[in-house]
Amino acid sequence: MEHLPVEVIGNILSKLGGARDVVIASATCRKWREACRKHLHTLSFNSSDWPAYHDLTASRLEILITQTIFQTTGLQGLSILMDDVDDFAASTVTAWLLYTRETLQRLYYNVRTTPNVNILEICGRQKLEVLALSHNSITGVEPNFQRFPCLKSLSLSFVSISALDLSLLLTACPKIETLELVNPDIAMSDAQVTVELSSPTLNCIYVEAISLDKFILEADSIERLHLKDCALEQFELIGKGTLKHFKLDDVSVIHLDIGETADNLEIVDISNFTIIWPKFYQMISKSSKLRKLRLWDVAFDDEDEIVDLETIAVCFPQLTHLSLGYDLRDGVLQHGLQGSSNLENVVVLELGWTVINDLFSHWIEGLLKRCQNLKKLVIHGIVSEAKTHEECQMLANFTSSMVRLMRKYMDVDLQFEYI
């Protein structure tokens, strides 16, 4: 070990991440202390990593963090995540950021301070490529001064920000590729809450736990869009048909528009969602490149609507992964077996139920006949702790029927996943 260059030791210490581990390891000898001082490029303070953090006062924590940071000279990655810790002094936190900002490329920041620290003002116009803020407040964004010329990834979690400041912040990041919004507190002066975001470089966006009247996203380079636990009156995506991965998970939206052209869609993943199928199908019907389609716990606005395999097989010829939930509404199966076209390229089939009955195994058999090149079948099911005798017998009969059925498909890998 004594023959290792200090640069290599610095890389080793950086892989440790946790500040406590770095300090302990750097105490090995003088050479390791020098590597920590001159060649350490990643440092993390996380209250969940070490329980003793919670036993220290805020002032004592400030001293420990200050001593550790000020012993380094070229940090590129700094993570300060202090949940359930008393507020820090804003002057101390500002000193940390001022000391590291000229070399910093990645900042993960969740620190409550009194008063609030203006991260944008301190770290703007620097080399930051990744910025993740949590439990902070952002006000008065000025794109000309608080500009992030190198920022590619921005994450805001439980951050208070106005719709205008959010739009201006995105404008201040001319190279942004990834945006993550988790439960933001969107302040609006008007009764109607509207967010309009525009970026020519944005590639991926993830939005969770947001409630708005209108959300308009203009992104000509967008490829991945994921909305989760959102309540929206209207969502509109304006782009040039670059979207490849579209996912909705437990979303309530009245008017949904992802653009007229969805030709490049490769993955459509919809779960816990109520849709008007004809309108939704019209949006994705030209997606001839679709490789994965998932319709899970999907309810139709019209009880008479169904999704038949013929439509899926004809419109999505390149489909390789199909996931469907078995659902009966008033005796009508929502994912029917109508038609005769086969799903030639489907190699993975995921099927599940919320309420099992004798028809489920027959439905599976019908799907297997249409997927002639299938390699893997995954059966998902819900098994409650308290089962009646009738339910237990139903599950036993289903298991027996699956054993008999799979003897005809010995080349297919069968998996059961019960919760």
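When reading the values below, keep in mind they use all heavy atoms of this one structure, side chains included, and skip hydrogens, waters and symmetry mates. Treat the numbers as computed from the prediction; the structure is a model and nothing was measured.
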Tell me if the [atom1] atom of [X] is crowded by more than 12 foreign heavy atoms within 6.0 Å.
X: R294; atom1: CZ; value: yes
X: E102; atom1: CD; value: no
X: Q282; atom1: CD; value: no
X: E7; atom1: CD; value: yes

How many angstroms lie between [atom1] in [X] and [atom2] in [Y], if you round to the nearest 0.5 Å?
X: L43; Y: D21; atom1: CG; atom2: CG; value: 11.0 Å
X: I267; Y: L290; atom1: CD1; atom2: CG; value: 8.5 Å
X: F273; Y: D297; atom1: CZ; atom2: CG; value: 13.5 Å
X: N46; Y: D83; atom1: CG; atom2: CG; value: 8.0 Å
X: E208; Y: K228; atom1: CD; atom2: NZ; value: 5.0 Å

When you measure from the side chain of [X] to the backbone N and O of [Y], does any donor-acceptor pair fall under 3.5 Å?
X: T201; Y: I176; value: yes
X: N373; Y: N345; value: no
X: E62; Y: A89; value: yes
X: S167; Y: L164; value: no
X: D165; Y: I161; value: no
X: N264; Y: G241; value: yes
X: Y99; Y: T72; value: yes
X: S287; Y: K289; value: no
X: T92; Y: F88; value: no
X: T242; Y: I222; value: yes

Are [X] and [Y] packed together at the side-chain level, in the sense that at least one heavy-atom pair is separated by less than 4.5 angstrom?
X: F316; Y: V268; value: no
X: W50; Y: D55; value: no
X: I364; Y: L377; value: yes
X: I138; Y: L156; value: yes
X: Y206; Y: L227; value: no
X: N136; Y: N116; value: yes
X: L4; Y: I12; value: yes

Could you pull out the closest heavy-atom pair between [X] and [Y], with the gap in Å?
X: L256; Y: M283; answer: O-SD, 3.7 Å
X: S47; Y: H54; answer: O-NE2, 3.3 Å
X: S134; Y: N110; answer: O-OD1, 3.4 Å
X: G10; Y: A35; answer: N-CB, 3.8 Å

Quick one: do the [X] and [Y] side chains pair a donor with an acceptor below 3.5 Å?
X: D87; Y: T114; result: yes
X: E350; Y: H321; result: yes
X: D269; Y: H245; result: no

- Ring centers of F45, W96 separated by less than 6.0 Å: no

- Item | Check: W296 ring centroid to H380 ring centroid under 6.0 Å | yes

- Any Lys/Arg nitrogen of R291 or E266 sitting under 4.0 Å from an Asp/Glu carboxylate oxygen of the other? yes

- Query: In terms of the angle between their ring planes, are F398 and F416 parallel, tilted or perpendicular, with boundaries placed at 30° and 60°?
  - Reply: perpendicular

